[in-house]
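No experiment lies behind these values; they were computed from the predicted model shown. Both backbone and side-chain heavy atoms feed into the values below; hydrogens, waters and symmetry mates do not. First the proteins, then the strands, lettered A, B, ... as listed; each starts at 1.
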Protein chains: 2
Amino acid sequence: MKTSFIEDVKAKLKEKGYKLTTQRRVIIDVILENQGNHLSPEEIYSKVKDKYPEIGLATVYRTLQLLEELNVIYKLNFNDGCNRYEINSGNDYHHHHHLICLNCGKVIEVKLDLLEDLEEKIEKEGDFKIVDHNVKFFGYCNECKK
Amino acid sequence: MKTSFIEDVKAKLKEKGYKLTTQRRVIIDVILENQGNHLSPEEIYSKVKDKYPEIGLATVYRTLQLLEELNVIYKLNFNDGCNRYEINSGNDYHHHHHLICLNCGKVIEVKLDLLEDLEEKIEKEGDFKIVDHNVKFFGYCNECKK
DNA sequence: TAGTAAATTGATATTCATTCCATTTTTATC
DNA sequence: GATAAAAATGGAATGAATATCAATTTACTA
């Protein structure tokens, strides 16, 4: 797998009959340049406007939906009133998890992945085919826990 | 611990200087009568109106916030456009998790709790004091996976 | 290369959950 | 029962997200 991220997205778009337009390209660039920042649609819109001022907000929303559909990004929810997005960097579903500070709202990423056992157990017992999971831990970061 | 749920809530309210008003009481009743249903504010509002037609939607929102603050209920998010609430039945934070069917949207509860190891590891490595967690598994229920 | 159908875009209108605000009602206290 | 404080109210405001629609762009075909 030596294909670049953009090439990969382009292929996925083509596969479903979509095109990689300039607008979509700029949106993807912004997301790429802000990995780990969990941007909201509005934030993406504002950054995209710097590079492509004619773009409309609707296009940003549409493109985010499209990219989510293609599993290029996925939606996060930190209960702050808007959706946030993150690149789905791995080519399967085992992404990282989030620590959310209850005091300052900071979001820290964790790369541990000890959930296989749990998934296996649930699949056996529960008669449920697991495809993805989403784990959030709430607590206090090292600055706020004092 | 032989106190009833309502008594417990009443005590918690009093502790923080809040009162158990009729409206709050009715809202709590509705939540109690719908355990396991993950009601949204609108759904709660509609059911509460049957018992107490004069109540306003804002009151429902306010009460839900209040009850969440007191750890009597907690907020869930199933990406269906609204928040949903669930009773916090255990007296500490180790509640159950949810299986969400990607096809029919059904939500199934799981009681497993194998996350202690993971939390311990994160606390050691990450310099983060964990207070709560939230785990969702996405996949297909036994009816939809065929 | 011209012409046509399909996809995409951007501005605007709309929807819907949630919050805000001024007013009214309820509760507790003396 | 009078009074002050707290809580609840409806309606309006807000703000994120979606839908609408005419205009533009793109891909394809003759």
Open item on the list: Measure NZ/B:K75 against P/C:dA17 and give the value in whole Å, please.
Closed with: 15 Å
Task: N or O in side chain of B:Y61 less than 4.0 angstrom from C:dT18 OP1/OP2 - done: yes
Task: Chi angles and distances behind the side-chain contact (heavy atoms from CB on, under 4.5 Å) call for A:I44, A:L64 - done: CA-CA 10 Å; A:I44 292 170; A:L64 291 173; 3.8 Å; yes
Task: Atom pair distance, as rounded to whole Å: NZ in A:K16 and C1' in C:dA6 - done: 19 Å
Open item on the list: Just the rounded figure in Å: distance from P of C:dT8 to CG of A:L67.
Closed with: 12 Å
Open item on the list: Check the phosphate of C:dT9 against A:R24, side-chain N and O only, distance under 4.0 Å to OP1 or OP2. Yes or no?
Closed with: yes
Task: salt_bridge(B:K106, B:E143) N-O dist < 4.0 Å - done: yes
Task: Distance test, side-chain N/O of B:N83 to OP1/OP2 of C:dT18, below 4.0 Å - done: yes
TODO: Give one of base, sugar-phosphate or nothing for A:L57, where a contact means two heavy atoms less than 4.0 Å apart.
DONE: nothing
Task: Whole-Å gap separating C1' (D:dA8) and OH (B:Y18) - done: 15 Å
Task: Whole-Å gap separating P (D:dA7) and CG (B:L64) - done: 17 Å
Task: Short side-chain N/O contact from A:Q65 to OP1 or OP2 of D:dA17, under 4.0 Å - done: no
- [ ] Establish, with yes or no, whether the OP1 or OP2 oxygen of D:dT26 is under 4.0 angstrom from a side-chain nitrogen or oxygen of A:T21.
- [x] no
Open item on the list: From CZ of A:R25 over to P of C:dT8, roughly how many Å is that when rounded to an integer?
Closed with: 17 Å
TODO: Could you label the plane-to-plane angle of the B:H133 and B:H97 rings as parallel, tilted or perpendicular, counting under 30° as parallel and over 60° as perpendicular?
DONE: tilted
TODO: Hey, which sits more toward the 5' end of DNA chain C by its nearest nucleotide, B:K19 or B:E42?
DONE: B:E42
- [ ] Using a 4.0 Å heavy-atom cut-off across all strands, classify A:Y45 as base, sugar-phosphate, or nothing.
- [x] nothing
TODO: Whole angstrom is fine here: how far is it from CD1 in B:I55 over to P in C:dT24?
DONE: 20 Å
- [ ] Please report the C-alpha distance between A:K124 and A:E120 in whole Å, then the side-chain angles of each, then the deciding distance to 0.1 Å, and finally whether the salt bridge (Lys or Arg N to Asp or Glu O under 4.0 Å) criterion is met.
- [x] CA-CA 6 Å; A:K124 265 186 203 135; A:E120 209 175 306; 3.6 Å; yes
Task: Rounded distance in Å - CZ (A:R62) to P (D:dT25) - done: 15 Å
TODO: Mind running side chain to side chain donor-acceptor pair (under 3.5 Å) on B:E68 and B:Y85 for me, showing each step along the way?
DONE: CA-CA 9 Å; B:E68 206 197 354; B:Y85 290 87; 4.6 Å; no
Task: C:dT26 phosphate, OP1 or OP2, under 4.0 Å from B:T22 side-chain N/O - done: no
Open item on the list: Please compare B:G17 and B:G56 by the position of their nearest nucleotide in DNA chain D and report the one closer to 5'.
Closed with: B:G17
